[in-house]
Amino acid sequence: MAYPGYGGYGAPMPGMPSQGMAGAPLGGPMPGNLGGPMGGGPMGGGPMGGAPAPGGYAPYGGGGGGYSGGFGAPAPAANDPMWGYFTAIAGQDGEIDAEELQRCLTQAGFTGSYSPFSLDTCRIMIAMLDRDFTGKMGFNEFKDLFTALNGWKQNFMMFDQDRSGTVEPHEMSQALGAMGYRVSPQVLNAIIKRYSKNGRIYFDDYVACCVRMRALTENFRRRDSMQQGCVNFQYDDFILCTMSI
């Protein structure tokens, strides 16, 4: 049964494109512009102006998404360019926390001409993929995040025609629809009130909204075993799902 937030069960989940990522040679220094120019770059995503990338995201990797064997273990994919980026910012525990993620995204210039991501947005980015509630992300989660960010950036730019770094509230409905979400006017109004500033929605707030939409939808979907768009929550489980994002 289809319901708002899904294109129906069995269809791709909204919130993330399917294309992969390219990058610099393995083990090289952190790229000067990891996100590429705001019109699309080495992190994947085609030229702007066409149809939005397909919604949906790949299933989470096993466990918390980290690589096995500890920080000193061999790279999980010797030819994966993202491994070099990850090891350049990961701590001694082989994982990335919110401060490290914020520094990475800022130094890499991922947001381009848009304002850098706030620490709070970086925290919920990690929470979105933090299945073991460590407050950090491993290598597989790191790759998943950049794929999601690239898709959200492409989607945002489609509506930010004047490159002001903002979209108007009425465009937010179109942006959510382009990612496969169908929400009621009441939900849309609540989203706009929560994430707009002076009548505009900035890129950082837009990404924060996308993160929460994806995370809460996935939390709901996992509990909807009958695929009917209706679940029963224990109070503690509800608080865990909402307060962890």
**Q** Within a radius of less than 6.0 Å around CG of D162, do more than 12 heavy atoms belonging to other residues, nucleotides or ligands occur?
**A** yes
**Q** Can you list the residues that meet the side chain to side chain contact (heavy atoms under 4.5 Å, CB included) rule with L188, with sequence neighbours excluded?
**A**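 If we apply the side chain to side chain contact (heavy atoms under 4.5 Å, CB included) test to L188, skipping adjacent residues, the hits are S173, L176, V183, I192.
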**Q** Do the side chains of M172 and Y202 join up, straight or via other hydrophobic residues, at under 4.5 Å, putting them in one cluster?
**A** no
**Q** Starting at OG1 of T147, measure out to CE of M82 and round the result to the nearest 0.5 Å.
**A**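 Taking OG1 in T147 and CE in M82, the distance rounds to 7.5 Å.
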**Q** Does the side chain of L240 reach to within under 4.5 Å of the side chain of N219, using non-hydrogen atoms?
**A** no
**Q** Taking the six-membered ring of F203, is NZ or CZ of K153 closer than 6.0 Å to its centre and within 45° of its axis?
**A** no
**Q** Are the charged groups of E218 and R222 less than 4.0 angstrom apart, N to O?
**A** yes
**Q** Do F238 and F220 share a hydrophobic cluster (ILVMFWY, side-chain heavy atoms under 4.5 Å, transitive)?
**A**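 In one cluster: yes.
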**Q** What do you reckon, are the aromatic ring centroids of W83 and F139 less than 6.0 Å apart?
**A**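 Judged by ring-centre distance (under 6.0 Å), W83 and F139 do meet the cut-off.
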**Q** Are L129 and I89 connected in a single hydrophobic cluster, I mean Ile/Leu/Val/Met/Phe/Trp/Tyr linked by side-chain heavy atoms less than 4.5 Å apart?
**A** yes
**Q** Evaluate T121 against D204 for side chain to side chain donor-acceptor pair (under 3.5 Å), listing each step before the verdict.
**A** CA-CA 7 Å; T121 297; D204 179 68; 3.0 Å; yes
**Q** In terms of relative ring orientation, are F156 and Y114 parallel, tilted or perpendicular, with 30° and 60° separating the classes?
**A** perpendicular
**Q** What are the two closest heavy atoms between D224 and G229, and how far apart are they?
**A**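 Where D224 meets G229 most closely, the heavy atoms are OD2-N, 2.7 Å.
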**Q** Among D97, D93, D130, which one satisfies side chain to side chain donor-acceptor pair (under 3.5 Å) with K136?
**A** D93
**Q** Which pair of non-hydrogen atoms, one from P116 and one from T106, has the smallest distance, and what is that distance?
**A** CB-OG1, 4.0 Å
**Q** Hey, are the side chains of L105 and L149 touching, using non-hydrogen atoms and a 4.5 Å cut-off?
**A** yes
**Q** Compare every heavy atom of M158 with every heavy atom of Q161, then report the nearest pair and how far apart it is.
**A** NE2-O, 2.6 Å
**Q** How about K143 and D80: do any of their side-chain heavy atoms sit closer than 4.5 Å?
**A**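 Of all side-chain heavy-atom pairs linking D80 with K143, at least one is under 4.5 Å.
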**Q** Where do M226 and V231 land on the side chain to side chain contact (heavy atoms under 4.5 Å, CB included) test, with the steps shown first?
**A** CA-CA 9 Å; M226 300 300 293; V231 298; over 6 Å; no
**Q** Any heavy-atom pair between the side chains of R223 and C241 that's under 4.5 Å?
**A** yes
**Q** What's the verdict on side chain to side chain contact (heavy atoms under 4.5 Å, CB included) for R200 and V167, showing C-alpha distance, side-chain angles and the deciding distance?
**A** CA-CA 6 Å; R200 309 285 293 185; V167 295; 5.9 Å; no
**Q** What are the two closest non-hydrogen atoms of F159 and Q174, and how far apart are they?
**A** CE2-CB, 3.4 Å
**Q** Indicate yes or no: at least one non-hydrogen side-chain atom of D160 is less than 4.5 angstrom from one of E171.
**A**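 Not in contact.
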**Q** Can you hop from F233 to M243 via hydrophobic side chains spaced under 4.5 Å?
**A**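 Hydrophobic grouping puts F233 with M243.
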**Q** At their closest point, which heavy atom of R214 faces which heavy atom of W152, and how far apart are they?
**A**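 So the two residues come closest at CD-CZ2, 4.3 Å.
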**Q** For the rings on F146 and F142, is their centre-to-centre separation under 6.0 Å?
**A**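 F146 vs F142: aromatic centres under 6.0 Å.
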**Q** Give the intermediate values and the outcome of side chain to side chain contact (heavy atoms under 4.5 Å, CB included) for residues L145 and L101.
**A** CA-CA 10 Å; L145 174 62; L101 178 61; 3.7 Å; yes
**Q** Considering only heavy atoms from C-beta outward, does the side chain of E100 approach that of C122 to under 4.5 Å?
**A**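 Heavy-atom side-chain distance check fails, nothing below 4.5 Å.
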**Q** Quick one, L119 and E99 - any side-chain contact, counting heavy atoms below 4.5 Å?
**A**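 Yes. Closest side-chain heavy atoms under 4.5 Å.
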**Q** Give a yes or no on whether a salt bridge exists between D205 and R194, defined as a side-chain N under 4.0 angstrom from a carboxylate O.
**A**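 So D205 does not pair with R194 through a salt bridge.
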**Q** How far apart are the closest heavy atoms of Q102 and S118, and which atoms are they?
**A**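 Closest approach of Q102 to S118: NE2-C, 3.5 Å.
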**Q** Determine whether E95 and M137 make a side-chain contact, defined as any pair of heavy atoms from C-beta on separated by less than 4.5 Å.
**A** no
**Q** So how far is it from S244 OG to I126 CD1, rounded to the nearest 0.5 Å?
**A** 13.0 Å
**Q** Are M179 and Y195 connected into the same hydrophobic cluster when the rule is that any two of I, L, V, M, F, W, Y join if their side-chain heavy atoms are below 4.5 Å apart?
**A** yes
